[in-house]
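Worksheet for the structure shown next.
Everything numeric here is computed off the predicted structure, so don't read it as measured data. Below, chain A is the first sequence line, B the second, and so on; all start at residue 1. Side-chain atoms are counted along with the backbone in the values below, which use heavy atoms only and exclude waters and symmetry mates.
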There are 2 protein chains.
Amino acid sequence: MRPELIPDIVVGRLPRYLQTLHKMAREGEQTTSSQELGAELGISAAQIRKDLSFFGGFGKQGTGYSIAYLVEQLQEILKINQVWDIALVGAGNLGKAIAQYQGFANRGFRVVMIFDNDPAVVGTQVGKFTVQNSTEMVEAIRKVGVKIAMLTVPASAAQKVAETLVEAGIRAILNYSPVALNLPVQIQVEYIDPILQLQHMTYYLGA
Amino acid sequence: MRPELIPDIVVGRLPRYLQTLHKMAREGEQTTSSQELGAELGISAAQIRKDLSFFGGFGKQGTGYSIAYLVEQLQEILKINQVWDIALVGAGNLGKAIAQYQGFANRGFRVVMIFDNDPAVVGTQVGKFTVQNSTEMVEAIRKVGVKIAMLTVPASAAQKVAETLVEAGIRAILNYSPVALNLPVQIQVEYIDPILQLQHMTYYLGA
DNA sequence: CATTGTGAACGGGTTCACAGCA
DNA sequence: TGCTGTGAACCCGTTCACAATG
């Protein structure tokens, strides 16, 4: 399967399918249908079938999909049938909260190092990590071969830090800073800015 | 202008335009063009012009857009030429970090109350707020007339709490819990789940 | 003369509808 | 019979291209 032939928007829905399949599994279900999965997610059944068909036939006519099997297949497609190490940059309130978040483990990720450039913060303990100095960042990331970073630094520092991360060999960045990053195209970048989403919603709120 | 006639995807881009316009203003620029704005955001100039044209002609041929004026217009369109109160539900690590985040104020929002159902947490201080008991939630939200909530409770509790929020008069929810919410269509819901975004990116990471 | 605003062309994602199969 | 997988039709968002204009 050639990854670049599959619409990015389709890839982006797979994690959501996985999320809901996990929930169904927790509730003891063995099997589901495109109909049921779609209802849960607010997506049409046809779209789910079409999306999955890009990767192969995972279902059985008349019966639907085995949840366990589909979970396994999606994990393989998304390459999360392994655990990815993450470097966290920025040990402010948000960074600390993320470092201690328990939900990464069983979804394919774990934070393995945390950096900050504030001397008052470097050396302090956050969960089970000691905050390292940003000056050691490139070397530490290279050494362990970490490929994914989360960025929780002030907006003014984000672009610079991101460039350093790329230099260190990072290939995917989840950016919590409220600025658009300008990086080589081959670097994967996703953004989290709650305010953008709040502003989107207020458009629809009368008064 | 009839809000429902404008593609939702267009509305979703306006906050990003605003974000970049603010940045340009901070850097001392007075004027910009669809070209420049697009380059900054990785969006085509034509799309930006088309998006803005849904709402009116904000630019001048030959010159471009006055940044200050466009910011003002976008704020009005998004209804953030006012400050929206937010109720935060869930005072765990993430909730606490959000409550103390300084970036809401000048972008149209402020957290005004925070709730939790854990007796060990209720009554404690988070930034300048005292965590209130969830049992008081409906009344407190109704009384102040808060319309927006952020949800940072465990996945298992999210649906139930969301329903209670709707009952209290909440009309928009920013959900940090990793579950799809099932609510009346007129309720605005946006999701933040970093793991979905990480999983999206790993698809493109070889090995 | 640079840049907007916009109708028309285009392209790609979604939905439809049904053949195929357990 | 129920539900999947999929080609075709459809629809809607993006890009194109240019007239309009400060």
Problem - Upstream residue (5' side of DNA chain C) when B/A46 and A/R49 are each assigned their closest nucleotide - result: B/A46

Practice task
Calculate the interatomic distance between A/L41 atom CG and C/dT14 atom P; express it in whole Å.
Solution key: 14 Å

Handout entry: OP1 or OP2 of D/dT15 under 4.0 Å from side-chain N/O of B/S44
Key = yes

Practice task
Output the distance between atom OG1 (B/T152) and atom CD1 (B/I114), rounded to the nearest 0.5 Å.
Solution key: 6.5 Å

Exercise for the section: Measure from the side chain of B/S33, starting at C-beta and using heavy atoms only, and say which of C/dT4, D/dT6, C/dG13 lies closest. Expected result: C/dT4

Exercise for the section: Start with the C-alpha distance between B/M201 and A/V189, add both sets of side-chain angles, then the distance that settles side chain to side chain contact (heavy atoms under 4.5 Å, CB included), and finish with yes or no. Expected result: CA-CA 8 Å; B/M201 293 194 285; A/V189 183; 5.7 Å; no

Completion exercise
Taken to the nearest whole Å, NZ/B/K50 to C1'/D/dT15 is 9 Å

Handout entry: Separation of D/dG22 P from B/Y65 OH (nearest whole Å)
Key = 15 Å

Problem - Which residue lies more 5' along DNA chain C, comparing A/V10 with B/K60 via nearest heavy atoms - result: B/K60

Handout entry: Nearest-angstrom distance from the residue atom CD1 of B/I9 to P of C/dG13
Key = 11 Å

Practice task
Compare all side-chain heavy atoms of A/K96 with those of B/N93 and state whether any distance is below 4.5 angstrom.
Solution key: no

Practice task
Take atom CG of A/L52 and atom C1' of D/dC3, then tell me their distance rounded to the nearest Å.
Solution key: 13 Å

Practice task
Find the distance between CD1 (B/I67) and CG (B/L21) and round it off to the nearest 0.5 Å.
Solution key: 6.0 Å

Practice task
May I ask you to say what B/G62 touches in the nucleic acid, namely base, sugar-phosphate or nothing, with a heavy-atom cut-off under 4.0 Å?
Solution key: base

Exercise for the section: Classify the side chain of A/Q61 versus the base of C/dG20 as yes if they form a donor-acceptor pair under 3.5 Å and no if they do not. Expected result: yes

Practice task
Return no unless some side-chain N or O of B/S34 is found under 4.0 Å from OP1 or OP2 of C/dT4.
Solution key: yes

Handout entry: Between P of D/dG13 and CZ of B/R13, the distance in whole Å
Key = 9 Å

Practice task
To the nearest Å, give me how far apart CZ (A/F55) and P (D/dG5) are.
Solution key: 13 Å

Fill in the blank from the handout: Separation of C/dG11 atom P from B/Q47 atom CD, nearest Å, is 16 Å

Exercise for the section: Check step by step if side chain to side chain contact (heavy atoms under 4.5 Å, CB included) holds for B/R16 and B/I43. Expected result: CA-CA 11 Å; B/R16 298 180 56 198; B/I43 290 178; 3.9 Å; yes

